[in-house]
Q: 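Before I ask anything, here is the structure I am working with.
Along the sequence shown, the residues carry numbers beginning at 1.
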Amino acid sequence: VTTQLRTSFSELEIAVLKQQELWAKDGPGDAKLLQSLQESSMETRYEEQSLREETQFEEHSRILEGRFQEHHGQLNQRFEALMQEHSLALEQYQEQHQTMEERFQEVREKVGNLSDSLRKEVQIRREALRGNVV
């Protein structure tokens, strides 16, 4: 579409220039018409320039969108990698915590059993001492 419009503008400009040459040969009577054609030619050039700038803007926008998508993808990959890394670290921490919790319970039971057996032994010795004292 852009190429077709440019071609149409160029053809129109060529036709206008040819017509201007013909009327310029006819003499000063067509000065207003010649001025109108020159203005029309300027408008055509302005429209062509606007179209070129719009096309450049669209190309630039596409390039920026592509770069954004590329960077967004890279950031997403890094984020996913970090999340996975942290998830693994958390799992390891939870496993270590579970192991330590189990060991703590084992030690607690052993200390409790030791405490019970020490109480019993102390009680037996007290009773033995009381029996000897009496």
Side-chain angles (χ1 to χ4, degrees):
V1 174
T2 304
T3 307
Q4 291 173 342
L5 285 173
R6 285 184 184 154
T7 304
S8 296
F9 284 139
S10 296
E11 290 172 356
L12 178 61
E13 185 176 13
I14 291 169
V16 167
L17 291 173
K18 284 182 182 178
Q19 192 62 44
Q20 286 176 348
E21 288 175 15
L22 290 174
W23 282 326
K25 292 178 186 175
D26 289 341
D30 293 327
K32 287 185 181 181
L33 185 56
L34 183 60
Q35 181 183 357
S36 172
L37 287 174
Q38 288 172 341
E39 289 173 0
S40 175
S41 177
M42 286 175 55
E43 287 176 10
T44 301
R45 283 189 211 118
Y46 173 76
E47 289 174 3
E48 285 179 341
Q49 182 179 352
S50 294
L51 184 60
R52 277 192 300 272
E53 289 173 359
E54 184 177 333
T55 302
Q56 289 173 349
F57 176 79
E58 290 173 359
E59 288 175 23
H60 186 69
S61 293
R62 280 192 297 275
I63 290 169
L64 288 177
E65 179 65 26
R67 286 181 184 167
F68 172 79
Q69 291 300 330
E70 181 182 330
H71 289 290
H72 184 261
Q74 290 173 354
L75 288 175
N76 246 359
Q77 287 175 346
R78 276 196 243 163
F79 177 74
E80 290 297 326
L82 285 173
M83 287 298 293
Q84 188 174 16
E85 187 179 313
H86 286 282
S87 178
L88 290 173
L90 178 61
E91 286 177 17
Q92 289 175 346
Y93 171 77
Q94 288 173 336
E95 288 173 6
Q96 288 174 349
H97 182 268
Q98 181 66 31
T99 302
M100 289 172 48
E101 181 71 27
E102 290 170 2
R103 288 180 63 201
F104 175 75
Q105 291 300 330
E106 290 172 6
V107 169
R108 187 180 208 177
E109 284 179 28
K110 288 179 182 178
V111 167
N113 291 340
L114 181 61
S115 175
D116 289 345
S117 60
L118 285 174
R119 273 191 217 121
K120 287 179 185 175
E121 192 173 321
V122 166
Q123 188 177 10
I124 291 171
R125 288 187 183 194
R126 281 185 184 162
E127 288 176 6
L129 285 174
R130 285 184 196 159
N132 288 339
V133 173
V134 174

Q: Side chain of S117, backbone of N113: donor and acceptor closer than 3.5 Å?
A: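 Yes: the side chain of S117 pairs with the backbone of N113.
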
Q: Side chains of Q69 and E65 only: does a donor on one sit below 3.5 Å from an acceptor on the other?
A: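 Yes, side-chain donor-acceptor contact under 3.5 Å.
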
Q: CD of Q84: more than 12 outside heavy atoms within 6.0 angstrom?
A: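 No, not enclosed.
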
Q: Under 4.0 Å between a Lys/Arg side-chain N and an Asp/Glu carboxylate O for R125 and E121?
A: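 Looking at E121 together with R125, the answer is yes, because their closest N to O distance falls below 4.0 Å.
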
Q: To the nearest 0.5 Å, how far apart are CD in E70 and CG in L75?
A: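 E70 CD to L75 CG: 10.5 Å, rounded to 0.5 Å.
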
Q: So how far is it from S87 OG to E80 CD, rounded to the nearest 0.5 Å?
A: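 One finds 11.0 Å between OG of S87 and CD of E80.
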
Q: Report yes if the side chains of R126 and V122 come closer than 4.5 Å at any heavy-atom pair, otherwise no.
A: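 They are in contact (side-chain heavy atoms under 4.5 Å apart), so the answer is yes.
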
Q: What I'd like to find out is whether the side chain of E95 reaches to under 4.5 Å of the side chain of Q98, using heavy atoms alone.
A: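 SC-SC contact between E95 and Q98 ruled out.
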
Q: Answer yes or no: is there a side-chain heavy-atom contact under 4.5 Å between E59 and T55?
A: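 Counting from C-beta outward, E59 and T55 do come under 4.5 Å.
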
Q: What's the separation between atom CD in E102 and atom CD in Q105, rounded to the nearest 0.5 Å?
A: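 Between atom CD of E102 and atom CD of Q105 there are 9.5 Å.
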
Q: Walk me through whether M42 and R45 qualify under side-chain contact (heavy atoms from CB on, under 4.5 Å).
A: CA-CA 5 Å; M42 286 175 55; R45 283 189 211 118; 4.1 Å; yes

Q: Are Q96 and Q92 linked by a side-chain donor-acceptor pair shorter than 3.5 Å?
A: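 No, Q92 and Q96 have no side-chain donor paired with an acceptor closer than 3.5 Å.
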
Q: Within the 3.5 Å criterion, strictly below it, is a donor on R103 or T99 matched to an acceptor on the partner's side chain?
A: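 No.
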
Q: Let me confirm one number: the NE2-CZ distance from H72 to F79, rounded to the nearest 0.5 Å.
A: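 The CZ atom of F79 is 10.5 Å from NE2 of H72, to the nearest 0.5 Å.
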
Q: Rounded to the nearest 0.5 Å, how far does CD of E11 lie from OG1 of T44?
A: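 Between atom OG1 of T44 and atom CD of E11 there are 12.5 Å.
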
Q: For the atom pair OG (S61) and CD (E54), what is the distance rounded to the nearest 0.5 Å?
A: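 S61 atom OG to E54 atom CD measures 10.5 Å (nearest 0.5 Å).
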
Q: Side chains of R52 and Q49, heavy atoms from C-beta outward: is any pair under 4.5 Å?
A: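 They are in contact (side-chain heavy atoms under 4.5 Å apart), so the answer is yes.
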
Q: Please tell me if the side chains of H71 and Q74 come closer than 4.5 Å, counting only heavy atoms from C-beta onward.
A: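 Side chain of H71 against side chain of Q74, heavy atoms only: contact under 4.5 Å found.
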
